[in-house]
A.B. asks: 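This is the structure I have questions about; it appears just below.
These numbers were taken from a predicted model, which means no experiment stands behind them.
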Amino acid sequence: MTLEDTGAPDETASRVLSEFGSSEYAKVVLGGVWGQPPSLDLAAEADLHTLLQALAARKLVHSARDISDGGIAVSLAQAAFRHGIGATVEQDPSLMVHPLFGLFAEPATTMLLTADPDNVSKIEALADEYSFFAVRIGTTGGRHLEITVDHQTFISAPLAALRKPWASALEATLHDEVSA
């Protein structure tokens, strides 16, 4: 499930592309950086934290993870590594300009939540009260991460296969920071 600021309904593809250009995905995979970092609305960010506090007080969520560092795909993988619990996720194509943007864009004020399925309608109602929308994007379980967009598989791998390059990249980054 994701929580996103409802924001202005007239968000354009060019703004999304510009913001995507500042992502780690654009830098590493597409070989360049362009555009501006995603805008940050401090009032919306404060509202999100108030909403998260309300969700926690009512014990409606199991976990919450910010997606601004790698997007939904990276956040899902990193969340799965800790306890070895995979996920099956179907991204709705109407929520994105392009599948890669939806999976790897790094928007501010957007969270990835896990919750009991019985709490989804309560979460949606509370999110609406705070001018956010909650979208159920999948289920947790198993030892694989599978992400599809419009029934087309974009990522399907065992967690162990995803964890190995992530762990070695983290180790190398930490080594470089300590050695410097």
Side-chain angles (χ1 to χ4, degrees), residues 1-4 16 19-20 22-31 33 38 48-49 51-52 55-56 59-124 127 132-179:
M1 167 170 279
T2 61
L3 288 176
E4 298 180 44
V16 173
E19 290 179 356
F20 185 73
S22 69
S23 70
E24 189 68 14
Y25 184 92
K27 178 181 170 187
V28 173
V29 177
L30 302 178
V33 178
L48 174 62
H49 288 272
L51 168 59
L52 291 170
L55 292 169
K59 299 183 181 186
L60 295 176
V61 296
H62 295 298
S63 69
R65 184 171 192 90
D66 176 71
I67 70 165
S68 67
D69 188 18
I72 288 176
V74 172
S75 293
L76 283 165
Q78 289 176 339
F81 296 155
R82 182 166 184 201
H83 296 291
I85 300 171
T88 302
V89 172
E90 169 67 25
Q91 282 284 74
D92 185 337
S94 69
L95 299 176
M96 58 187 79
V97 175
H98 184 280
L100 291 178
F101 296 179
L103 297 177
F104 296 102
E106 300 171 340
T109 320
T110 304
M111 299 294 293
L112 179 66
L113 306 176
T114 60
D116 187 301
D118 294 338
N119 291 335
V120 170
S121 61
K122 295 172 193 166
I123 293 168
E124 290 170 336
F132 284 83
F133 64 92
V135 179
R136 184 176 178 164
I137 62 171
T139 58
T140 57
R143 302 237 181 259
H144 285 76
L145 178 61
E146 182 163 311
I147 303 174
T148 60
V149 178
D150 199 21
H151 308 290
Q152 179 184 352
T153 301
F154 274 78
I155 298 170
S156 181
L159 293 178
L162 295 170
R163 191 180 208 312
K164 187 174 181 178
W166 172 80
S168 61
L170 178 62
E171 180 181 305
T173 299
L174 292 176
H175 175 66
D176 290 344
E177 287 182 14
V178 172
S179 298

A.B. asks: Looking at side-chain heavy atoms only, is the closest gap between Ile72 and Thr110 below 4.5 Å?
C.D. replies: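 Heavy-atom side-chain distance check fails, nothing below 4.5 Å.
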A.B. asks: Show which side-chain atoms of residues 137-147 pair as donor or acceptor with protein atoms under 3.5 Å away, not counting sequence neighbours.
C.D. replies:
residue: Arg143; atom: NH1; partner: Gly84; partner atom: O; Å: 2.5
residue: Glu146; atom: OE1; partner: Ser156; partner atom: OG; Å: 3.3

A.B. asks: How would you list all residue pairs meeting side chain to side chain donor-acceptor pair (under 3.5 Å) that involve residues 61-80, not counting sequence neighbours?
C.D. replies: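 Residue pairs with at least one partner in residues 61-80: Ser63-Thr114, Arg65-Gln78, Asp66-Ser68.
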A.B. asks: Work out which heavy atom in Thr109 is nearest to a heavy atom in Phe132; give both atom names and the distance.
C.D. replies: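 That closest heavy-atom pairing would be CG2-CE2, 3.7 Å.
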A.B. asks: Minimum heavy-atom separation for Ala73 and Ile155, please, with both atom names.
C.D. replies: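 Heavy atoms of Ala73 and Ile155 come nearest at CB-CD1, 3.8 Å.
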A.B. asks: Would you compute the distance between atom CD1 of Ile67 and atom CZ of Phe104 and round it to the nearest 0.5 angstrom?
C.D. replies: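 Output value for this atom pair is 11.5 Å.
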A.B. asks: Working to the nearest 0.5 Å, report the span between CG of Leu113 and CG of Leu51.
C.D. replies: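 Answer for the CG-CG pair, Leu113 versus Leu51, is 8.0 Å.
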A.B. asks: Kindly compute the distance separating NZ (Lys122) from NZ (Lys59), expressed to the nearest 0.5 Å.
C.D. replies: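 So the NZ of Lys122 and the NZ of Lys59 are separated by 13.5 Å.
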A.B. asks: So, Gln91 side chain and Thr148 main chain: donor-acceptor pair closer than 3.5 Å or not?
C.D. replies: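 Between the backbone of Thr148 and the side chain of Gln91 there is no qualifying donor-acceptor contact (under 3.5 Å).
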A.B. asks: Under 3.5 Å, side chain of Glu106 to main-chain N/O of Gly70, donor-acceptor pair present?
C.D. replies: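 Here the side-chain-to-backbone pair exists.
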A.B. asks: So which heavy atom on Ile123 is nearest to which on Leu55, and how close?
C.D. replies: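 Looking at all heavy atoms of both residues, the shortest contact is CG1-CD2, 4.0 Å.
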A.B. asks: Is it the case that the side chain of Asp116 and the backbone of Asp118 share a donor-acceptor pair, with hydrogens and angles ignored and the cut-off at 3.5 Å?
C.D. replies: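 Checking the backbone N and O of Asp118 against the side chain of Asp116, a donor-acceptor pair under 3.5 Å is found.
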A.B. asks: Nearest heavy-atom pair of Ala80 and Gly86: which atoms, and what distance?
C.D. replies: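 Ala80 and Gly86 have their closest heavy atoms at CB-CA, 4.4 Å.
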